[in-house]
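Whatever order the structure lists them in is the order used to number ligands and atoms, beginning at 1. Values below: every heavy atom of this structure, side chains too, minus hydrogens, waters and symmetry copies.
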Amino acid sequence: MQHMATFFNEDNSYVSEQSRHKPGNIVLYLDQSARVIDYQVDPDLPLWLPKQLPCPISQFLALPSHTLLDALSQQTHQLIDLNLRHRDAGRLACRGWLEFNGLDIRLNLLDQTDLRKQLAAQETRLRWLTQSHEVLERLLYVQLDQLELESERLLAEICRCFQLPAAAIFMQDHLTQKLQTLHCVARELPTPEWFDPKEFLRISGQKAGVRQSDVCFWVEQKHPTLPSLYMVMSWPSTQEWQQTLQERGTALMNLWLAALQQRLHERALQESERAARLMRDQLELNWCEFYPERHLFSVTACSDDPLSQIENPKSISLDAWWQWIVPSQREGLALHWQESLLMQAPLKTTLSLMIGGQQVEYAFTLNWLQSPQGIRGIGCLRNIQQEIQVHQEAEQVGKRMSSLLETTPALIYVQSYEQGALSLSYCNAGSDHLLGWSEEAFCQQGLLALLHPEDRDLYAQRNQQLFQNGQASSQLRLRDAEGEWHHLLDEARLVRDPLGVPVEVVAIALDVTDLQQAQASARHYHELSIRDPLTGVNNPRFLQQQLQVELARAQRSGEVFSLCLLDLDKFKSVNDTYGHLIGDEVLVGFARIILESLRIQDLAFRYGGEEFVLLLPNTELQDACLVAERLRETLEETAVSSSLPDLRVTVSIGVSEFRMQDTALTLMERADQALYAAKESGRNQVKFSA
Ligand SMILES: Nc1nc2c(ncn2[C@@H]2O[C@H](COP(=O)(O)OP(=O)(O)OP(=O)(O)O)[C@@H](O)[C@H]2O)c(=O)[nH]1
């Protein structure tokens, strides 16, 4: 019998003659009646073999094969799947090639029983995976944000339940497309920062006995906001895996859900605790709870409060809490406390606590609540340390201010501004010191009633200025309790509220009556010292002063000025004819004419007897002569004595103009020379010194 030299490998490729005896190979030789006339079989295969040959092919088969019968009758080469009889009533799943060569028929087969089993297992596994995928996907979608919290426990549980070597959850970054390990639980496996699925399987395979062909389970989660999430689980293929999954899968999912819910609950609690802390901190409040039955007092302090320094403030005994209170307050507080607890009435008090060696003040309130756990006090410890300090400082400032207000020699008053009108609302003792009015009497009467009638306009101006500029200075006269007028120097400020609306006027007034009088008498004495008592024009002493001033100014600025020397003509005869009194009247009348005819900057002096001097600043000789001439003419035509209206007098005038090298004397001398010339020339005329 000739044996053909072609055999198959398990992937149906031909193999060489030499390798035909490889494990699992079966070769059956048939005749035209489909009887097996010979065979070659791997001795390790548990194949049923006939005792006598030839025997019908049907005896080799565990199940009838129509394909084989058709192929034999039609004599067609083809690939055939057959179930051969197992030695122990089972069957061997074989795949092989049917070949016809003349009268020889050969069937080359390969036992694929294990491979088939594997394929079937894979199919079932994949079916389950599809279902699990859906379950997990739903679960992951709902709880995606919570996944991280529980994933480690979940993965550990997955590994335990399914006896897996490794399980991991990954997230895919949309930008880099890389997978980032969220969590990886695997026996002794490193957790790579970035995950390469193949690498993961390779490593996990090495470390935990997973083969590349093992099932790898992916759950891809497309979340609208988060990056894609993957879950990969791998496990060795075992006979029991499906059963294990079915039994434990649901329980596992429930477990995970429950864990997540628990976690959610805890997180909600944490969140509310955080929110409460935030609120406490913002309100700067410390909360406390008191459990009388458990003899417990707990404090939850805001972050900045000294109370937060106390270690473990959540669980202190009432006795420990009591030690914080300064000893002097304990007895009183204990009484209050008991009473409040008995009556279940709120307790409100201030407390001084010793914290870190320092005394800190608190406003303390405690309210009582009935709860299923018994009665409970809920309270608040508000730190009032700063408030007390501010209060104390304000009190001190207040004391200082009021003592200042009482002792100051000034009148300080406040006018409220309401409905467009100012009314006195406060004054200090200055009303009494300065004006003899009691504070009440002063405020009742008001400023306007006490104001000097002539100062009403000034007061209106002061108010106008106040509302325009926010401040005003004025000098007003106010009537005192005895009817005397006092000059008050008044400095007022307008006070506006934060919106800019005027609220009140605060003013301080000093009595300057004495100063006024002193100024008036000083003015009077000054007048006396520079005036000629008869005529009212300036005296010779003032002439000497002013001449020096003018000379200095002219020499400094180069600006000229002129001087006129006036002498009444034949005044002696006036005296002699009408008497000295008429002579005086003439002098007074002449002085009046001079004053009326001069400019504001010109100065007139009585130089002696019937002689007068005019000092004309910024006036050249020519203009000075015109002034003198006009004066001369006016005098000639004007009655100078009221007693003798027809009496006329004349005047001779000498004029000189400033020269750079002049002294008072030289200037006067030149004017005198000119006057002399005027007299000499017949009087009643003006002459100047060239
Ligand atoms: N009534 C009065 N006469 C005075 C005053 N001071 C001086 N006299 C007089 O004025 C006169 C000046 O006269 P005289 O100096 O001689 O010059 P006159 O008579 O004016 O003649 P001429 O200057 O040359 O025009 C004297 O009789 C003085 O007594 C005064 O204050 N009052």
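Within ligand 1, counting atoms from 1 as listed, the ones closer than 4.0 Å to a heavy atom of Asp567 are 23 (O). Listed by number with element, the atoms of ligand 1 under 4.0 angstrom from any heavy atom of Asp569 are 25 (O). Within ligand 1, counting atoms from 1 as listed, the ones closer than 4.0 Å to a heavy atom of Gly583 are 1 (N).
With Ser652 contributing its side chain and Asn684 its backbone, the two residues share a donor-acceptor pair below 3.5 Å. Side-chain atoms of Arg330 come within 3.5 Å of backbone atoms of Ile325 as a donor-acceptor pair (strictly under, hydrogens ignored).
With respect to atom 27 (O) of ligand 1, the closest heavy atom belonging to the protein is Lys572 CG, 3.3 Å. The nearest protein atom to atom 31 (O) of ligand 1, hydrogens excluded, is given as Arg606 NH2, 2.9 Å; this is a heavy-atom distance. At the top of the distance list for atom 20 (O) of ligand 1, counting protein heavy atoms only, stands Phe571 N, 2.8 Å.
Among His580, Glu611, Glu610, Arg683, the residue whose heavy atom sits closest to atom 14 (P) of ligand 1 is Glu610. Checking Ser652, Gly609, Gly608 against atom 6 (N) of ligand 1, the nearest heavy atom belongs to Gly609.
At a 4.0 Å heavy-atom cut-off, ligand 1 touches Asn575 through the side chain alone.
A tilted orientation is assigned to the rings of Phe605 and Phe542, their planes being inclined by 30° to 60°. In this pair, Trp337 and Phe297 present their aromatic rings tilted. The plane angle is within the 30 to 60° band.
Aromatic ring centres of Phe571 and Phe590 lie farther apart than the 6.0 Å criterion allows.
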